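To start, the structure under review is shown below, and the notes come after it.
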Amino acid sequence: MRIATWNVNSIRSRIDRVEAFLQRHDIDVLAVQETKAKVDQLPLMGLESMGYEVAATGFSQWNGVALISRVGIEDVQVGFSEMPGFGDPLVSEARAIGAVCGGVRIWSLYVPNGRKVDDPHYAYKLDWLGRLRTAAQQWRDEPTALVGDWNIAPLDEDVFDIAQFKNSTHVTVPERAAFNAFLEDGYADVVRPHISGDAGYTYWDYYRQRFERNRGMRIDFVIGSPAFSDRVTGAFIDRDERDPALGKANGLGSPSDHAPVIVNLSD
DNA sequence: ATGGTTGATCGTCAA
């Protein structure tokens with residue numbers, strides 16, 4: 001089985017890329033983030049004709065997530081719980097959808113960005129991660145994968161220049177501690193052993209030709225329970241999908257600012 | 001400190 005995670009930055013504007021990606025890499029389950037679409041706006045026709053089923057959260061702004069699977073989608077669950085004091089519960093619940101696909105529980109996650117360390121959204125991010133951790137402890141003894149855009153760079157080598165991230169979100173001690181808590185609970189970063197340094201980047205800002213200069217970040221992860229991690233036989237990042245020049249040459253529009261992460265599992 | 005780019009939606013916010 002082959003699974004992937006990809007922050008697509010609008011599934012409607014990039015459905016051609018999504019369908020081509022699924023075919024090019026023979027993907028069984030794709031977790032997507034930042035769908036930027038309500039459920040009734042999802043472009044399903046092509047996906048269904050390719051044999052995929054879709055489960056998604058609905059939110060029209062920026063934080064919808066989805067699972068696209070051709071090995072079944074069972075026991076769908078959405079979100080974790082309301083975030084007291086942080087507006088509409090949809091804001092938190094639209095960030096996570098989980099289902100059993102091909103015998104594996106997969107969660108597509110869009111961890112809150114945090115914006116600035118003094119922004120209420122930063123505290124919301126840490127709180128949200130704490131709730132995710134509590135929920136994830138219940139699935140640790142099953143084949144489970146927590147995949148998506150974590151908006152955290154756990155190591156200094158996961159950003160192009162750690163000096164530029166002083167006082168910035170994504171690299172703070174509390175965010176890294178929140179990430180490491182999953183590893184302490186028995187989950188593992190199953191892609192780390194297959195990449196090194198700047199070859200592990202999954203995100204490059206649209207600004208300032210960050211991709212062309214390889215000034216990126218590693219913030220998209222596949223975190224597996226022991227029963228999941230034991231089945232991982234390989235992993236890679238499809239950096240070509242982020243290449244604006246390659247996309248243009250292939251007649252495609254602008255890429256997402258994130259590249260897909262692909263993981264192979266033994267049967 | 002600022003600016004640069006993209007998407008949803010159509011002035012402005014979020015990333």
Side-chain angles (χ1 to χ4, degrees), chain A residues 5-19 21 31-44 56-66 83 86-96 108-129 148-153 158-172 175 201-221 239-248 250-261:
Chain A
T5 180
W6 188 11
N7 180 325
V8 293
N9 187 16
S10 170
I11 194 169
R12 285 177 288 172
S13 71
R14 268 180 270 281
I15 186 60
D16 291 348
R17 282 179 176 270
V18 169
E19 292 172 359
F21 170 77
V32 297
Q33 300 86 37
E34 282 203 76
T35 54
K36 295 187 176 179
K38 298 175 184 174
V39 171
D40 62 8
Q41 294 176 314
L42 292 170
L44 298 177
T57 62
F59 210 65
S60 60
Q61 297 179 23
W62 36 271
N63 53 2
V65 293
M83 291 290 163
F86 210 91
D88 194 316
L90 273 179
V91 173
S92 60
E93 294 186 348
R95 293 178 172 279
S108 179
L109 305 170
Y110 181 47
V111 175
N113 175 286
R115 301 181 187 174
K116 308 274 187 185
V117 291
D118 59 354
D119 190 297
H121 209 264
Y122 176 78
Y124 164 57
K125 178 181 193 174
L126 296 176
D127 188 42
W128 194 92
L129 284 163
D149 179 356
W150 286 70
N151 272 314
I152 299 170
D158 295 331
V159 300
F160 62 87
D161 179 7
I162 190 63
Q164 286 200 23
F165 286 79
K166 199 171 184 178
N167 304 319
S168 296
T169 61
H170 293 59
V171 300
T172 67
E175 287 167 285
Y201 293 165
T202 63
Y203 164 83
W204 298 258
D205 202 304
Y206 284 127
Y207 303 161
R208 296 184 157 192
Q209 297 190 300
R210 286 272 171 81
F211 179 82
E212 289 79 357
R213 298 188 295 151
N214 195 25
R215 296 172 76 76
M217 304 172 70
R218 181 163 187 256
I219 57 175
D220 298 87
F221 296 94
R239 185 180 285 236
D240 286 350
E241 184 56 59
R242 177 62 182 85
D243 189 332
L246 197 56
K248 192 171 183 180
N250 291 332
L252 298 167
S254 62
S256 169
D257 42 1
H258 294 250
V261 180

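Nothing here was measured: the structure is a model prediction, and the numbers come from that model. Values below: every heavy atom of this structure, side chains too, minus hydrogens, waters and symmetry copies. In what follows, chains are A, B, ... by sequence order, proteins preceding strands, each numbered from 1.
Under the rule for a side-chain contact (heavy atoms from CB on, under 4.5 Å), the partners of A/L252 that lie at least two apart in sequence or sit in another chain are A/R17, A/N250.
In this structure, A/Y201 has its ring center no closer than 6.0 Å to that of A/F211.
The listed nucleotides are B/dT6, B/dA15, B/dA8; the one nearest the side chain of A/S254 is B/dT6.
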Please produce a list of atom pairs where a protein N or O lies less than 3.5 Å from an N or O of nucleotides 2-4 of chain B.
| residue | atom | partner | partner atom | Å |
| --- | --- | --- | --- | --- |
| B/dG3 | N2 | A/R208 | NE | 2.6 |
| B/dG3 | N2 | A/R208 | NH1 | 2.6 |
| B/dG3 | N2 | A/R208 | NH2 | 2.3 |
| B/dG3 | N3 | A/R208 | NH2 | 3.3 |

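Between A/R12 and B/dT6, a side-chain N or O to OP1/OP2 separation shorter than 4.0 Å is absent. Side-chain nitrogen and oxygen atoms of A/R14 include none within less than 4.0 Å of the OP1 or OP2 phosphate oxygen of B/dT6.
For the side chain to side chain contact (heavy atoms under 4.5 Å, CB included) with A/H258, the qualifying choice from A/V8, A/D220, A/N9, A/T5 is A/D220, the only one to do so.
In this entry the distance linking CD of A/Q209 with P of B/dT6 reads 11 Å, nearest Å.
Taking the P atoms as reference points, B/dC13 lies 16 Å from B/dG3, given to the whole Å. Rounded to the nearest Å, the gap between the C1' atom of B/dC10 and that of B/dA14 is 16 Å. Between the C1' atoms of B/dG4 and B/dA15, the separation comes to 13 Å (whole Å).
The salt bridge (Lys or Arg N to Asp or Glu O under 4.0 Å) contacts involving residues 202-218 of chain A comprise A/D189-A/R218, where partners must be two or more places apart or lie in separate chains.
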From CA spacing to verdict: side chain to side chain donor-acceptor pair (under 3.5 Å), A/S108, A/Q33: CA-CA 7 Å; A/S108 179; A/Q33 300 86 37; 3.1 Å; yes
